[in-house]
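Excluded from the calculations below are hydrogen atoms, water molecules and symmetry mates; all remaining heavy atoms, backbone and side chain alike, are included. Proteins get letters first, then strands, A, B, ... in listed order; numbering begins at 1 in each. Predicted, not measured: the structure shown is a model, and the values here were computed from it.
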Amino acid sequence: MPPPRRWPQPAMPELPEVETTRRCLEPIVVGRCITAVEVGHPRMLRRQLRAGDFEARLRRRTIEGLRRHGKFLVAELSGDLSWVTHLGMSGRLQLASPRVDREPHTHVVVRLVGGTEIRFVDPRTFGFVAAYTPDELAETSLARLGPDALDSLPPTRSLATALAGRTAPIKALLLDQGVLAGLGNIYADEALHRAGVDPHRPGGSLDVEELKRLRSAVKATLAAGLRWGGTSLDDLAYLLPDGRAGEYVERLRAYGREDEACLRCGAPIVREVLRQRSTYWCRGCQR
DNA sequence: ACCTCCCTGGCC
DNA sequence: GGCCAGGGAGGT
């Protein structure tokens, strides 16, 4: 047995983790009414225009739908309000009975009719919650997101238009939520590895063939992440709402595999810092 | 288009 | 005791 790999510290909820969370919550919460709301950490409300609004806006509303755009989870509430949750770096949502002890760093608790609680646990507090009217929502960063990488992945020609003339590294552009919404550091590295594209390449320098490969790679990477329930690292910062761990970590091809052999060409995967972010890639087969 | 900051647990 | 991880906002 090889020693267990030491994964880089943070789990990072990205599109597959948020979508897995959404799918797990949807059948439980949609159609149910919110009876009580507690916010234990004021920082969670830093994106709410008036902090006092959040609890009042949620209470007694019914959750009519649960959607996702990029990494944002949006519960549509009765009365035309949107409850927005972003998991940040270390956030996760939990379904729990009120009888079960709260975990440390449980910053928001939303209780539903019947007693079930949706709990937002976030040690590093990069996540947040907010309740917006339609007008307010139109002014948030949610309204400035690019197309969703899973549900609305643009055709190759649209990607070519979006990237034309861009000189920033393709990795940075994949992380730019205004270009494409949903990829974070793990899945950006995975997609570039699958596509065989060097993360440093200026975005505008990719030819049509490369863009086709990259588009397919994004699709395949997200589908694989979803299929395995997302990526839970050793710290288990990310877990599904029912407590299960995502299993994609065992299937990562680049991220976290420094000095290990590339699964495609055998060259060692290297780690370097690109735009202040860890980047794992293969010098042998990513060009 | 780029850099800095926020925040905390885990590791050296 | 200090450093590192990073999504997104804000500033330059």
OP1, OP2 of [N] versus side-chain N and O of [X]: anything below 4.0 Å?
{"X": "A:H105", "N": "B:dG9", "value": "yes"}
{"X": "A:Y255", "N": "C:dG6", "value": "yes"}
{"X": "A:S90", "N": "B:dG9", "value": "no"}
{"X": "A:R271", "N": "C:dA5", "value": "yes"}
{"X": "A:Q177", "N": "C:dG8", "value": "yes"}
{"X": "A:H86", "N": "C:dG8", "value": "yes"}

Is it true that [X] and [Y] make a salt bridge, defined as a side-chain N closer than 4.0 Å to a carboxylate O?
{"X": "A:R92", "Y": "A:E103", "result": "yes"}
{"X": "A:D198", "Y": "A:K171", "result": "no"}
{"X": "A:R57", "Y": "A:E136", "result": "yes"}
{"X": "A:E19", "Y": "A:R22", "result": "yes"}

What is the distance from [atom1] of [X] to [atom2] of [N], rounded to the nearest Å?
{"X": "A:D122", "N": "B:dC7", "atom1": "CG", "atom2": "C1'", "answer": "9 Å"}
{"X": "A:E139", "N": "C:dG10", "atom1": "CD", "atom2": "C1'", "answer": "17 Å"}
{"X": "A:K71", "N": "C:dA9", "atom1": "NZ", "atom2": "P", "answer": "11 Å"}
{"X": "A:L87", "N": "C:dG7", "atom1": "CG", "atom2": "P", "answer": "12 Å"}
{"X": "A:R144", "N": "C:dG8", "atom1": "CZ", "atom2": "C1'", "answer": "11 Å"}
{"X": "A:L175", "N": "C:dG6", "atom1": "CG", "atom2": "P", "answer": "10 Å"}
{"X": "A:R124", "N": "C:dC4", "atom1": "CZ", "atom2": "P", "answer": "14 Å"}
{"X": "A:D189", "N": "C:dG7", "atom1": "CG", "atom2": "P", "answer": "11 Å"}

Q) Which distance, rounded to the nearest 0.5 Å, do you find between the OG1 of A:T221 and the CG of A:L183? A)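 With rounding to 0.5 Å, OG1 (A:T221) is 8.0 Å from CG (A:L183).
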Q. Reading nucleotides 1-6 of chain B from the 5' end, what letters show protein touch, with B for base, S for backbone sugar-phosphate only, - for no heavy atom under 4.0 Å?
A. SS-B-B
Q.
Do A:R111 and A:T35 pair up side chain to side chain, a donor and an acceptor below 3.5 Å, judged on atom types alone?
A.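 No.
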**Q.** Proximity of A:F120 and A:H107 rings by center, below 6.0 Å
**A.**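 Aromatic pair excluded; centres sit 6.0 Å or further apart.
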Q: Report the relative orientation of the aromatic rings in A:Y255 and A:Y280; use parallel for angles under 30°, tilted for 30 to 60°, perpendicular for over 60°.
A: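 If you compare the ring of A:Y255 with that of A:Y280, the planes turn out perpendicular.
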Q: Would you work out how much the helix from B:dA1-C:dT12 to B:dC12-C:dG1 bends between its ends, with each end axis defined by five base pairs, to 10 degrees?
A: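 Axis-to-axis angle, ends of the helix: 50°.
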Q. Mind checking what makes side chain to side chain contact (heavy atoms under 4.5 Å, CB included) contact with A:A168, not counting sequence neighbours?
A.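 Side chain to side chain contact (heavy atoms under 4.5 Å, CB included) list for A:A168, sorted by chain: A:L173, A:R275.
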